[in-house]
Every structure is written in C-alpha cells, then in structure tokens.
Number of protein chains: 2
Amino acid sequence: MALKLRKTKAPPQIPHCPLTECMSLLGGAWTPNVVWYLSGGPRRFGELRADIPAISAKVLSARLRRLVAKGVIAREVMPTSPPSVEYSLTVLGEELVPAIKAIVSVGERLKRRHATYP
Amino acid sequence: MALKLRKTKAPPQIPHCPLTECMSLLGGAWTPNVVWYLSGGPRRFGELRADIPAISAKVLSARLRRLVAKGVIAREVMPTSPPSVEYSLTVLGEELVPAIKAIVSVGERLKRRHATYP
DNA sequence: CTGTATCCAAACCGATACTG
DNA sequence: CAGTATCGGTTTGGATACAG
C-alpha cells in the first residue's frame, strides 16, 4: 500500500481549549516518554527503544512520525556506513519539557506517598 | 449484570517510571479536562457535562469512577430533595493541578505562536 | 540499524434508552 | 438529577515478521 489515507474525522476535542490543544501533542501512550528522553539530547531510534523497553517498534515509529509532523521533533539522517537517524527536540518541542517535568515531579511525589489514598 | 469483573491485566507501562505513573492517572481523552474543571472547586455531574459539552454521560461517568478509584477525586452525595452529587479533588488530585497548569500554559503559548486559528 | 506490514486484542467514545 | 446498559464504531497498542 502506498499511503494510508487519513480519515480526517473531527477529533473529539473542545475547540480553543489550550489543555486539549497541548494534550493533542502529547497524545498516545508513550509520547511523553519519547519527548522526555529526547530532552536529554539527540537520540537514535534504537537508543529510544532501549530507553523505553516496553514500547514496540511500530508504536515508536508511529509516535516519532507524528511528532515530526507536528513539529515537535526533528529527524536527521546521518550519512554513516550503517545508516543511522538522529531525533532531537525542536524549539517547539523544548517548550513541552517544562510541562513534562511537572508531570514527572508529580509522579515522583505520588510514588513516595503511594500507600495512602482511599 | 451485577458487577463488571475487572480484568486487572498488567498495564503497558514502564515499571517505576514517575512519568508513566502520573500519566496513568490522566489517561483517557477527557480526564485532564475533568481534573481541570474540578480544580476550580467542587462540581456536580450535570455541571461537568455542561463544562465539557462534547463528553457523553457514559464517558464522563466512566472517567469519574476511575478517578474516584484512583483517589484523585472524591464523590459526596448531598442529601437534598432531588439527590445531587458533588465531586471534588482530593489532596492527591490537587497535586495534579500544577502539572495540568503547565500543560495549559504550554498550550496557550503554542496557540499564540502558531496564530493560525480564528 | 531503521523502520513498515499485518493480525489481533483492548481501550475508548457516542448515541440512545432506561433505572432510581 | 445522576447515573448505568447496550450497541456499534473508531483508535490504540503489542507481537511478529519482514523490508530497505
């Protein structure tokens, strides 16, 4: 098959909602993790797979493609003998990092108190 | 049917990852919105439906139940003549707010930067 | 090494109808 | 008012195999 024809169905979102707007960039189970690991510097496909062991190649590939399409990350093919590809955050992608940092810090606090909620 | 038996299958997550840990609380398209609107104070079921017009009763109900089960929100039945129910953030839920705030503020900057929407 | 194709299971969502 | 039941459709994600 040449190219999957996108359905372009209206997404179930609140119009003009910044929260939904931003979540659409982070949508998908592993997307925040990908951005998070990329925030430490450029990474290759295989490195990201090692960073996030539970992710499948298919999903990682899909997330990467979507993030590139949205302008969150950049994809650069390195002309090495075994061809390698480097992904890195764009300026737009860097803007997402503080939000993810906030999520991580909440997650850490959640784990520390993990025993208590009703 | 009496009670849906939960499958309790191991979720596709990285163990001990604070980011995934926190994202599991926010899973589902409308969850962040629910928490966000609740951060303004306690709300009733119908009020939340009005806040998020595109959400269906079924999904709102499901999200609410899950958030209660996870300890993010509290559910209190008010003994009024037409019975009403109030939902509010727990202490754990309040901890999520800064993260969502960060996401919202990124979303706002994203919109200003693109400036492509009416 | 860097992906894509295919199959399949689960989660998600909306509309409608119905209960307490 | 505050949900739940059910049906149907869409989306997501994982496993495996395979291609450039």
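All chains are named by letter (A, B, ...) in the order of the sequence lines, taking the proteins before the strands, and each is independently numbered beginning at 1.
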If you check the [X] side chain, which of [options] turns out closest?
X: Lys58(B); options: dG14(D), dC1(D), dC13(C); answer: dC13(C)
X: Arg44(B); options: dG13(D), dA2(D), dG14(C); answer: dA2(D)
X: Phe45(A); options: dT2(C), dC13(C), dA2(D); answer: dT2(C)
X: Arg66(A); options: dG3(C), dT12(D), dT4(D); answer: dT12(D)
X: Arg75(B); options: dG3(D), dC13(C), dT2(C); answer: dG3(D)
X: Ser61(A); options: dG13(D), dC1(C), dT4(C); answer: dT4(C)
X: Ser84(B); options: dG3(C), dC1(D), dT6(C); answer: dC1(D)
X: Arg65(A); options: dG3(D), dT4(C), dT2(C); answer: dT4(C)

Mapping Pro82(A) and Ala57(A) onto DNA chain C by nearest heavy atom, which one lands closer to the 5' end?
Pro82(A)
Separation of atom [atom1] in [X] from atom [atom2] in [N], rounded to whole Å:
X: Leu60(A); N: dA5(C); atom1: CG; atom2: C1'; value: 16 Å
X: Leu64(B); N: dG3(D); atom1: CG; atom2: P; value: 7 Å
X: Ile55(A); N: dT16(D); atom1: CD1; atom2: P; value: 16 Å
X: Ile73(B); N: dA2(D); atom1: CD1; atom2: P; value: 14 Å
X: Met23(B); N: dA11(C); atom1: CE; atom2: C1'; value: 15 Å
X: Arg49(A); N: dG3(C); atom1: CZ; atom2: C1'; value: 10 Å
X: Glu47(A); N: dG3(C); atom1: CD; atom2: C1'; value: 16 Å
X: Ile52(B); N: dC13(C); atom1: CD1; atom2: C1'; value: 14 Å

With a 4.0 Å cutoff (strictly under), does any side-chain N or O of Trp30(A) reach OP1 or OP2 of dG14(D)?
yes
Below 4.0 Å: OP1/OP2 of dC13(C) and any side-chain N or O of Arg63(B)
yes
With a 3.5 Å distance limit and no angle check, can you tell me whether Thr90(A) reaches the backbone of Ala74(A) through a side-chain donor-acceptor pair?
no
Just by modelled atom types, is the Arg44(A) backbone N or O under 3.5 Å from a matching donor or acceptor in the Glu47(A) side chain?
yes
Tell me, please, which residues at least two apart from Arg75(A) pass side chain to side chain contact (heavy atoms under 4.5 Å, CB included).
Val68(A), Val77(A), Val85(A), Tyr87(A)
Applying side chain to side chain contact (heavy atoms under 4.5 Å, CB included) to Arg63(B) and not counting sequence neighbours gives Thr31(B), Val59(B), Arg66(B)
For a side chain to side chain contact (heavy atoms under 4.5 Å, CB included) with Val34(A), tell me which candidate from Leu26(A), Asp51(A), Ile52(A) qualifies.
Ile52(A)
Tell me what Gly28(A) touches on the nucleic acid: a base, only sugar-phosphate, or nothing, going by heavy atoms under 4.0 Å.
sugar-phosphate
